[in-house]
> 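Sharing a structure with you now.
Nothing here was measured: the structure is a model prediction, and the numbers come from that model. Every chain is numbered from 1, with letters handed out A, B, ... down the list of sequences.
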2 protein chains.
Amino acid sequence: MPKSITITEIARESGVSISTVSRVLNGNVPVSPDKKERVEAAIRKYNYSPNALAKGLASRQSMTIGVILPDISNPYFSSLFCEIESAAHDAGYSILLCNTLYRSGSDAHLEEDYIQMMIDKHVDGLIIAGGQQDLIHPAKTYLAAIKRAASTLPLVMIGENIDGISCLFLDRERADGIYDAVKYLSSLGHKRIAFLGGEDGVKITASRVASYKKALSSLGLPVDENLIVLTNYYAQDGYRAAGLLLERGVSFTAALCINDSVALGSLRAFHDKGLHIPEDISLISCELFHSSEFFTPRITALDRCSSRFGRLVIQKLLNVIQNQEENDSLDISPKLIVRASCGPVPENN
Amino acid sequence: MPKSITITEIARESGVSISTVSRVLNGNVPVSPDKKERVEAAIRKYNYSPNALAKGLASRQSMTIGVILPDISNPYFSSLFCEIESAAHDAGYSILLCNTLYRSGSDAHLEEDYIQMMIDKHVDGLIIAGGQQDLIHPAKTYLAAIKRAASTLPLVMIGENIDGISCLFLDRERADGIYDAVKYLSSLGHKRIAFLGGEDGVKITASRVASYKKALSSLGLPVDENLIVLTNYYAQDGYRAAGLLLERGVSFTAALCINDSVALGSLRAFHDKGLHIPEDISLISCELFHSSEFFTPRITALDRCSSRFGRLVIQKLLNVIQNQEENDSLDISPKLIVRASCGPVPENN
DNA sequence: TTATGTCATGAAAGCGCTTTCATGTCAATA
DNA sequence: TATTGACATGAAAGCGCTTTCATGACATAA
């Protein structure tokens, strides 16, 4: 590896002090045209680019933002991330990404380690999405790590408020659109509507289940715990959830799936038992990824515009980092995309 | 933000020099037990953790690895990334991730900018996967940027060799399993087998199409360019590809889809035209993600063990970074997972 | 006892930048 | 002409670490 050239070489080459080079580099202080010219020539000549580590150390800004999330291969998080990364890049920041779920060994303190690592690397801001059971029962040490982080750097948590931690909380579930979904099913005559997928003890699931129950009540429909089957967020979990629901033998004519993957899995499970969608059962996905449009049948789903949410996250974080004024103007209310997975209640019900 | 405490405070607190603190921190040089004890106590007391920026600047190691890829929301890349991140973390490195595809504005030099940024941030190693048309027709400036990177830091390119660039090339397509897929279809009696999805002018696609043609030839089957429809990698592209193939009016009884997403889309397109899988058309996905198992019908697919490939990438990169000896032992040959999307040739053909 | 070597330790010089502060230049003002 | 102020500039002091080098303590060998 060739030794990379530094600001000192540029200063020598162009016959000015390193202060002056720094000034033309950052362009915030006037520099006489001829010197500026010479410096720029030297920079071009040597293809010089400042060492970000040194710059970060001296200026106390790393121009890096940390993102901690459970599973980037989950479309929920990857679409969020894409927007975050893009928005961050537009603002000159790069992203340090940590994935907490996908692990060969089990490491109880993994997330805390990651938080500490972010602090050590002096990220200018930190975004934590999900993880640690989405904070319904966070470990004490994890909570302590978050607190420490919040007192050290600008922190955005995607999820609900945690008592005693002062950072920015952005709630994707503020408006979850589930009422619209239930109402739609109700308008088709469905009364016994199941809820499939999601993880017990996780806030995002709890939040959606709560909305589901609330919607049922406000529409005068019965709430039956037997109709709720929590497993997890992936296709295999949808498959499992639908199977368990069927085993319970409770009657139902429609189901809300927590997301597209779960919908895909349940679809498969119902299909395997000879049940048809939407003739026998109506299905709605509570969170559209990009594929449910192509399932058989096409699945009616809630579009939560999660990508736009990512941009909002960065906006908010930069507000804090750069002490900018608020411009909270993004509308991210979910919309129900009606496709072909819902129908009237079958006659024998 | 409270001023974070430094090695100097720890030295003062424990009554030793900062050199000694550094030595107990890094543990490579003997330190007398009592001093070591005192330093460790001070570290615990203040919850001290070294500034990685300063450490990186002084030691010329950032303990960071850069990853540049086109689209992390594409399962191909996200599964690769998960493994990379996990393996890197196990070795003490964190990951700077750049996503080049997902952009609001169009930026011709985006990938070059990202490469430069990685160099500036002094990553200890760089992994570039895909991008820039997967390097069949890379822009001159992009090639120059890669060359510069390769001469500055350990670089792994995932893809085929590029002339004139000396870095480590890891070829995921070395064994693509496509022969097995074609042979399987052939054994079922299929003679006219289409190829759907993938992007024209992209190496990974070209490579798979070449394997497909080669397999056809070696099995004595005709190669017909009309049976090849290149669009892109996502579900909507599979939908489009199948539609275009049908429009061409050429006869075929089976199709290879470049990946699960494309398979999902084509499935949908065939279904919409009243064609049944596998009765009318047999379908194989050339790259299994995690969902094809749940499609209707379950799709026969090639499992490329892409996650294991990620670990291999890090292994190789660390070999270079740390001058370790080679231990190239990972078997990543693809396997054909036979499911329910292939059948015998329909009678009227 | 003296000479030699081993070893823990601290001082100090960087790593490549930013930023403060002092300085010298020059034009505008009195 | 003398004075003031504005302004471009460079020297130098950090930022928080690592690492070299010199030193002094101590044990060992002669």
> Report the residues that fulfil side-chain hydrogen bond (donor to acceptor under 3.5 Å, both in side chains) with A/R148, sequence neighbours left out, ordered by chain and then residue number.
A/Q116

> Sub-3.5 Å donor-acceptor pair from the side chain of B/N74 to the main-chain atoms of B/Y76, do we have one?
yes

> Got a sec: does the CD of A/E37 have more than 12 other heavy atoms crowding it under 6.0 Å?
no

> Apply side chain to side chain contact (heavy atoms under 4.5 Å, CB included) to the pair B/I127 and B/I65, showing each step before the final yes or no.
CA-CA 8 Å; B/I127 296 167; B/I65 287 172; 4.1 Å; yes

> Determine the contact category for B/T20: base if any of its heavy atoms lies under 4.0 Å from a base atom, sugar-phosphate if only primed atoms, P, OP1 or OP2 are that close, otherwise nothing.
sugar-phosphate

> Would you say that A/I128 contacts A/V156 through its side chain, given a criterion of any heavy-atom pair below 4.5 Å between the two side chains?
no

> Does anything in residues 22-30 of chain A reach DNA chain C, meaning a heavy atom under 4.0 Å, and if so which residues?
A/S22, A/R23, A/N26

> According to side chain to side chain contact (heavy atoms under 4.5 Å, CB included), who are the partners of A/D34, at least two apart in sequence or on a separate chain?
A/S32, A/R38

> Can you list everything that forms a side-chain hydrogen bond (donor to acceptor under 3.5 Å, both in side chains) with A/S14? Sequence neighbours excluded, please.
none

> According to side chain to side chain contact (heavy atoms under 4.5 Å, CB included), who are the partners of A/A11, at least two apart in sequence or on a separate chain?
A/I18, A/V21

> Heavy atoms of chain A, cut-off under 4.0 Å: which first and last nucleotide of DNA chain C, 5' to 3', fall inside that, if you could look?
C/dG16 to C/dT20

> Would you check if B/N99 and A/S86 make a side-chain contact, meaning some heavy-atom pair closer than 4.5 Å?
no

> Hey, are the side chains of A/Y93 and A/T64 touching, using non-hydrogen atoms and a 4.5 Å cut-off?
no

> Begin from the C-alpha positions of B/L155 and B/L126 and carry the test side chain to side chain contact (heavy atoms under 4.5 Å, CB included) through to its verdict.
CA-CA 5 Å; B/L155 171 63; B/L126 181 57; 3.9 Å; yes

> Angle between the two end axes of the helix from C/dT1-D/dA30 to C/dA30-D/dT1, five base pairs per end, rounded to 10 degrees?
50°

> Contacts to DNA chain C from residues 38-66 of chain B, heavy-atom cutoff under 4.0 Å, which residues?
B/L57, B/A58, B/R60

> Restricting to nitrogen or oxygen on both sides, can you table the protein-nucleotides 25-28 of chain D pairs closer than 3.5 Å?
none

> Who are the side-chain hydrogen bond (donor to acceptor under 3.5 Å, both in side chains) partners of A/T20, not counting sequence neighbours?
A/S17

> Is there a side-chain contact between A/H89 and B/Y114, using heavy atoms and a 4.5 Å cut-off?
yes

> Using only heavy-atom distances, determine whether the side chains of A/T6 and A/E9 contain a donor-acceptor pair under 3.5 Å.
yes

> Please test B/M63 against B/D124 for side chain to side chain contact (heavy atoms under 4.5 Å, CB included), starting from the C-alpha separation and ending with a verdict.
CA-CA 6 Å; B/M63 295 309 282; B/D124 296 329; 4.1 Å; yes

> Quick check: on DNA chain C, is the nucleotide nearest B/I18 upstream (toward 5') of the one nearest B/V31, or the reverse? Name the residue that is more 5'.
B/V31

> Thinking salt bridges, do A/E83 and A/R308 make one under a 4.0 Å N-O criterion?
no

> Go through the structure and list residues passing side chain to side chain contact (heavy atoms under 4.5 Å, CB included) with B/L53, not counting sequence neighbours.
A/S62, A/H122, B/N51

> Where along residues 7-16 of chain A does a heavy atom come under 4.0 Å from DNA chain D, residue by residue in number order?
A/V16

